[in-house]
Amino acid sequence: MANRLEGEVAIVTGAAAGIGQAFAVALAGEGARVVLADIQPAQNTQTLIETAGGEALSVICDVTSETDITAMVDATLKRYGKIDILVNNAGIYPIADIEDTDMALWNRIIGINLTGTFLATRAVVPTMKVAGKGKIINISSGTFFMGSPGLAAYVATKGAVIGMARSLAAELGGFNIQVNCIAPGLTTTPGVNNGMGDEMRDGVVMMQANKRREVPEDMNGALLFLCSSDSDFMTGQVMLVDGGAARN
Ligand code: NAP
């Protein structure tokens, strides 16, 4: 199935590690040229892509910064002349009970997960409208369907990006731009490795129908489907890829 995205240009935010890294490698593996937009250097991702014969451009970009987003989109258009795909993946998920969520933490979570999705989307839509095509994929979370505790601010943002996708699907459908979401279950990534112990992760596996830990590559099939013409008549939807954890 290689080269489904030959000639396409994709931006992946948060592409230096974890799910974003796996997405960037998968998109490049299908022939897309991939812009790796992350607050961290994405050299490892770029090396993985180039070693496999693909092409990538790394841009340091804090998705909460309008200036960074504008510069990243400008750099993409300067290098490749178009943007076909945006994957809004950058996100953080600090665990905190509601009474321990101060304004600084609330604003940080909303800023990266929700405002970042808004800013990146707003920046790519004009060029997609002119091209008459585009694919925007927001990374939500299975926690929105599970109602996972200790994550109220995070889960609020992950519901919000679904809401944003549903509204934009209607707003942009006439321009042949599809806006969908992927909702991962608990997935082994550097962010999760740093923040969650084995007990919590084993507990999630118990709730899943598939009895193993999810890895980023488990979502590649959904991602490539949503980025390819195979999904052209599907918009405003959520693909829940969580091993069957949230099935009620
Ligand atoms: P991760 O391992 O922490 O990697 C995320 C990458 O995004 C990191 O390089 C991170 O840099 C970067 N980033 C953070 N803030 C940024 C910003 N303001 N601008 C640009 N880049 C930024 O995370 P992940 O586990 O792969 O998660 C990726 C996405 O999937 C998130 O939206 C998350 O909510 C969602 N998700 C994850 C899981 C899971 O279990 N892993 C489940 C459901 C949904 P730093 O290292 O400096 O933070």
Side-chain angles (χ1 to χ4, degrees), residues 11-26 35-46 48 58-69 71-73 86-95 105 107-120 123 137-148 150-151 153-162 164-165 181-197 200-205 207-208 212-220 222-223 238-243 245-246:
I11 294 170
V12 181
T13 67
I19 293 170
Q21 178 175 80
F23 282 172
V25 170
V35 176
L36 313 170
D38 199 297
I39 202 164
Q40 300 290 340
Q43 190 54 53
N44 287 347
T45 310
Q46 178 139 3
L48 284 171
S58 297
V59 182
I60 296 289
C61 173
D62 178 345
V63 295
T64 68
S65 160
E66 274 190 271
T67 308
D68 280 12
I69 290 282
M72 183 272 291
V73 167
L86 168 67
V87 185
N88 284 311
N89 166 79
I92 57 167
Y93 33 84
I95 296 174
L105 180 59
N107 285 332
R108 196 160 80 88
I109 295 169
I110 301 288
I112 297 173
N113 298 4
L114 180 55
T115 310
T117 296
F118 156 67
L119 289 175
I137 292 93
N138 292 347
I139 305 310
S140 176
S141 170
T143 56
F144 175 68
F145 299 93
M146 305 283 283
S148 308
L151 287 164
Y154 173 76
V155 173
T157 65
K158 292 300 172 179
V161 299
I162 294 175
M164 198 188 298
C181 300
I182 295 173
L186 185 61
T187 305
T188 301
T189 65
V192 165
N193 289 342
N194 291 337
M196 282 169 218
M200 185 181 287
R201 296 162 76 180
D202 290 342
V204 171
V205 171
M207 286 187 282
Q208 294 172 192
R212 66 161 172 81
R213 287 182 182 175
E214 183 164 356
V215 294
E217 290 73 15
D218 286 320
M219 278 158 288
N220 285 352
L223 177 82
V238 185
M239 293 184 77
L240 182 57
V241 185
D242 70 345

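Order of appearance sets the numbers: ligands from 1, and atoms from 1 within every ligand. This is a predicted model, so every value here is computed, not measured.
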Margin query: Checking N88 against N138 for the side chain to side chain contact (heavy atoms under 4.5 Å, CB included) test, could you report, in this order, the C-alpha distance in whole Å, the side-chain angles of both residues, the deciding distance, and whether it holds?
Written below: CA-CA 5 Å; N88 284 311; N138 292 347; 2.9 Å; yes
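- The shortest contact between atom 40 (O) of ligand 1 and any protein heavy atom is with T187 N, 2.7 Å.
- With respect to atom 7 (O) of ligand 1, the closest heavy atom belonging to the protein is G14 CA, 3.3 Å.
- Within a 4.0 Å radius of atom 48 (O) of ligand 1, the protein contributes no heavy atom.
- When each atom of ligand 1 is checked for a heavy atom of G91 under 4.0 Å away, the hits are 31 (C), 32 (O).
- A donor-acceptor pair under 3.5 Å is absent between the side-chain atoms of S141 and the main chain of A183, judged by distance alone.
- Listed for the S140 side chain is a donor-acceptor partner under 3.5 Å among the backbone atoms of K158.
- Between the side chain of D38 and the main chain of A15, a donor-acceptor pair closer than 3.5 Å is present.
- Assignment of A15 to the shell around ligand 1 is not supported, since no heavy atom sits closer than 4.0 Å.
- Under the 3.5 Å distance criterion, the side-chain polar atoms of T143 are left unmatched by any main-chain donor or acceptor of S148.
- Closest heavy-atom approach to atom 20 (C) of ligand 1 within the set C61, A22, G142: this belongs to C61.
- On a distance-only criterion, I112 and ligand 1 share no N/O pair closer than 3.5 Å.
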Margin query: Walk me through whether I19 and F23 qualify under side chain to side chain contact (heavy atoms under 4.5 Å, CB included).
Written below: CA-CA 6 Å; I19 293 170; F23 282 172; 3.4 Å; yes
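- Of the candidates I60, D62, V63, V35, V35 is the only one forming a side-chain contact (heavy atoms from CB on, under 4.5 Å) with M72.
- In this structure, Q21 does not count as a contact residue of ligand 1, since none of its heavy atoms falls inside 4.0 Å of the ligand.
- Scanning the protein heavy atoms around atom 22 (C) of ligand 1, the nearest turns out to be I39 CG2, 3.6 Å.
- Heavy-atom separations between T13 and ligand 1 are all 4.0 Å or longer.
- When only non-hydrogen protein atoms are considered, atom 33 (C) of ligand 1 lies nearest to Y154 OH, 3.7 Å.
- A donor-acceptor pair under 3.5 Å is formed between the side chain of N113 and the backbone N or O of I92.
- Regarding atom 18 (N) of ligand 1, its nearest protein heavy-atom neighbour is D62 OD1, 3.0 Å.
- When non-hydrogen atoms are compared, ligand 1 lies under 4.0 Å from the side chain of V192 (C-beta onward) but not from its backbone.
- Of all atoms in ligand 1, numbered sequentially from 1 with element shown, those under 4.0 Å from a heavy atom of S140 are 44 (C).
- Between T64 and ligand 1, no pair of N/O atoms sits closer than 3.5 Å.
- For ligand 1, the atoms closer than 4.0 angstrom to any heavy atom of L186 are 40 (O).
- Evaluated for a side-chain contact (heavy atoms from CB on, under 4.5 Å) with F144, the options V155, L151, T157, L240 yield exactly one hit, V155.
- Listed for the N89 side chain is a donor-acceptor partner under 3.5 Å among the backbone atoms of T13.
- Compare I19, D38, N89, N44 by their heavy atoms: the one nearest to atom 12 (C) of ligand 1 is in D38.
- In terms of modelled atom types and a separation under 3.5 Å, the side chain of E214 and the main chain of G185 share a donor-acceptor contact.
- Considering backbone and side-chain N/O of S141, none are found under 3.5 Å from N/O of ligand 1.
- For the atom pair SG of C181 and CD1 of I139, the computed distance is 8.0 Å after rounding to the nearest 0.5 Å.
- A 4.5 Å side-chain heavy-atom check between P216 and T189 finds at least one atom pair inside the cut-off.
- Which of V63, L151, I139, V161 comes nearest to atom 35 (C) of ligand 1 through a heavy atom is settled by distance: it is I139.
- Using a 4.0 Å cut-off between heavy atoms, K158 contacts ligand 1 through its side chain alone, with no backbone atom that close.
- Contact atoms of ligand 1 toward A90: 20 (C), 21 (N), 22 (C), 32 (O) (distance under 4.0 Å to a heavy atom of the residue).
- Protein heavy atom at the shortest distance from atom 27 (O) of ligand 1 is Y93 CE2, 3.8 Å.
- A distance-only check finds a donor-acceptor pair linking the side chain of D218 to the backbone of V215 [under 3.5 Å].
- Protein heavy atom at the shortest distance from atom 3 (O) of ligand 1 is G191 CA, 3.5 Å.
- Scanning the protein for heavy atoms near atom 42 (C) of ligand 1, the closest one is G185 O, 3.2 Å.
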